[in-house]
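Written below as structure tokens is the structure these notes are about.
Here is how names work: the chains are called A, B, and so on, in the same order as the sequence lines, proteins then strands, and each is numbered from 1.
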Number of protein chains: 2
Amino acid sequence: MQRDEPVKTPLSIQEQPELVLIELLFYAYRDFVSDPDVVLAKFQFGRAHHRVVHFVNRHPGMRVADLLDILKITKQSLGRVLKQLIDTGYIEQVPGPVDRRQRLLYPTAKGRALDQRLTEPQAQRIRAALAPLGPEGRIAAERFLRLMIDPAERDKVTQMIEH
Amino acid sequence: MQRDEPVKTPLSIQEQPELVLIELLFYAYRDFVSDPDVVLAKFQFGRAHHRVVHFVNRHPGMRVADLLDILKITKQSLGRVLKQLIDTGYIEQVPGPVDRRQRLLYPTAKGRALDQRLTEPQAQRIRAALAPLGPEGRIAAERFLRLMIDPAERDKVTQMIEH
DNA sequence: AAATTTATGTCAGTCATATTGACATATTTG
DNA sequence: CAAATATGTCAATATGACTGACATAAATTT
């Protein structure tokens with residue numbers, strides 16, 4: 001079986017201009033999500049814990065199902081991470097007052113503090129990125145990112161962010 | 001041991017305005033990276049394979065060390081994924097002509113075609129997002145994302161993207 | 001009231017992707 | 001020739017995800 005000829009010409013941005021944004025998204029997100037790692041390591045937590053703590057702090061009293069819908073993972077995947085956060089006192093479950101099947105998720109004071117520590121370096125990075133851009137730069141960035149979200153999710157996400 | 005009081009007030013965008021971009025980045029990236037999953041599943045590959053195929057197509061003849069520096073993972077993590085791509089004929093290794101310790105990475109025609117199929121839905125999403133924004137919108141988005149990259153990496157990344 | 005659906009949790013097994021640490025080989029450089 | 005470099009590999013482990021099956025309690029529907 002003969003060896004295939006290696007392709008020596010790069011895929012260029014001339015033939016595919018969207019590559020610029022595709023790669024900028026990769027590099028920007030790579031560095032953006034690495035910010036909280038230092039803090040997480042101190043608590044023996046991973047990025048999955050960060051996401052859970054964050055959204056529970058943003059939406060206290062949310063249901064488990066709501067969290068799954070945001071994270072787009074299965075309940076089995078969420079299970080372990082959520083349990084650890086509850087066992088170590090960062091998140092609490094309260095039975096739903098109307099529908100008692102629900103276990104509404106709330107951060108504790110400790111959970112709130114953790115989220116703030118995790119968010120801080122990311123907020124810092126964003127402030128630094130926005131500084132040279134002016135207010136229109138911020139608006140344009142928000143507009144672009146909002147349009148990158150699935151159309152079917154867009155309104156729901158906009159509402160969750162603004163709430 | 002008394003139960004901690006659950007915190008009932010949400011972390012609000014009023015006290016932390018950067019939350020808007022923090023969350024938009026999460027949601028946008030979540031949907032953006034899910035695009036190629038359909039294609040990847042047909043080939044029994046995962047997102048790690050996508051990243052490797054992509055950067056080798058963008059930088060044919062790159063060294064393994066260059067790839068590790070982009071992905072920010074260890075060579076052990078890369079190992080299995082790269083081996084699978086080589087064994088199935090999407091990527092080839094060619095000994096460096098000058099420094100024969102190097103194994104320069106090239107896509108095959110098959111590897112080039114795969115990358116193009118994977119990139120297509122992402123490019124599509126970006127075109128759709130840019131459409132309502134006009135050329136300044138694109139420039140603003142690129143500028144913001146570039147500033148989100150670690151300052152120490154920024155020039156290198158800019159050069160790699162433009163090359 | 002009984003049957004069904006919903007919200008949640010759990011058990012078991014598996015897979016994909018990542019890690020650290022140690023060691024091996026070939027080759028280049030000082 | 002010694003040291004440094006580029007790469008690969010072995011082993012053990014962690015993390016985060018999956019499918020599928022089953023269990024419980026509570027709400028809703030019939």
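- Atom CD in Q76(A) sits roughly 11 Å away from atom P in dG20(D) (whole-Å rounding).
- For R103(A), no side-chain nitrogen or oxygen approaches OP1 or OP2 of dA26(D) to under 4.0 Å.
- Between the NZ atom of K83(B) and the P atom of dT7(D) there is a distance of 18 Å, rounded to whole Å.
- By the 4.5 Å heavy-atom criterion applied to side chains, M160(B) and Y27(A) are counted as neighbours.
- For L82(A) and dA17(D), the CG to P distance is 13 Å, given to the nearest whole Å.
- Residues of residues 37-47 of chain A that place a heavy atom closer than 4.0 Å to DNA chain D, in numerical order, are G46(A), R47(A).
- Nucleotides of DNA chain C with any atom under 4.0 Å from a heavy atom of chain A span, from 5' to 3', dT6(C) to dC11(C).
- Under 4.0 angstrom from either OP1 or OP2 of dT7(D) there lies no side-chain N or O belonging to R101(B).
- Crowding of K156(A) atom NZ: a count of heavy atoms from other residues, nucleotides or ligands under 6.0 Å exceeding 12.
- Nucleic acid contact class of R63(A) (heavy atoms, under 4.0 Å, all strands): sugar-phosphate only.
- Looking at R125(B) and Q122(B), their side chains never bring a donor and an acceptor atom within 3.5 Å of each other.
- Phosphate proximity of dG16(D) to S77(A): absent, as no side-chain N or O sits under 4.0 Å from OP1 or OP2.
- Atom CZ of R143(A) is surrounded by 12 or fewer heavy atoms from other residues, nucleotides or ligands within 6.0 Å.
- The nearest whole Å value for the distance from the CD atom in Q102(B) to the P atom in dA6(D) is 7 Å.
- Both Q84(A) and D66(B) sit near DNA chain D, but only D66(B) has its closest nucleotide nearer the 5' end.
- By the neighbour-count criterion of 12 heavy atoms within 6.0 Å, atom CG of D155(B) is sparsely surrounded, having that number or fewer from other residues, nucleotides or ligands.
- Within the nucleic acid shown, V98(A) comes within 4.0 Å of sugar-phosphate atoms alone, with no base atom in reach, counting heavy atoms only.
- The number of heavy-atom neighbours closer than 6.0 Å to CZ of R154(B), taken from other residues, nucleotides and ligands shown, is above 12.
- Atom P of nucleotide dT19(D) and atom NZ of K75(A) are separated by 12 Å, given to the nearest angstrom.
- At a threshold of 4.5 Å between side-chain heavy atoms, the hydrophobic network of Ile, Leu, Val, Met, Phe, Trp and Tyr places V7(A) and M62(B) in two separate groups.
- For R80(A), a side-chain nitrogen or oxygen approaches OP1 or OP2 of dG16(D) to under 4.0 Å.
- For F45(B) and Y90(B), the ring centers sit closer than 6.0 Å to each other.
- Atom CG of L105(B) is separated from atom C1' of dT7(D) by 11 Å (rounded to the nearest Å).
- Outside the 6.0 Å centre-distance limit, the rings of F26(A) and Y29(B) are not counted as a close aromatic pair.
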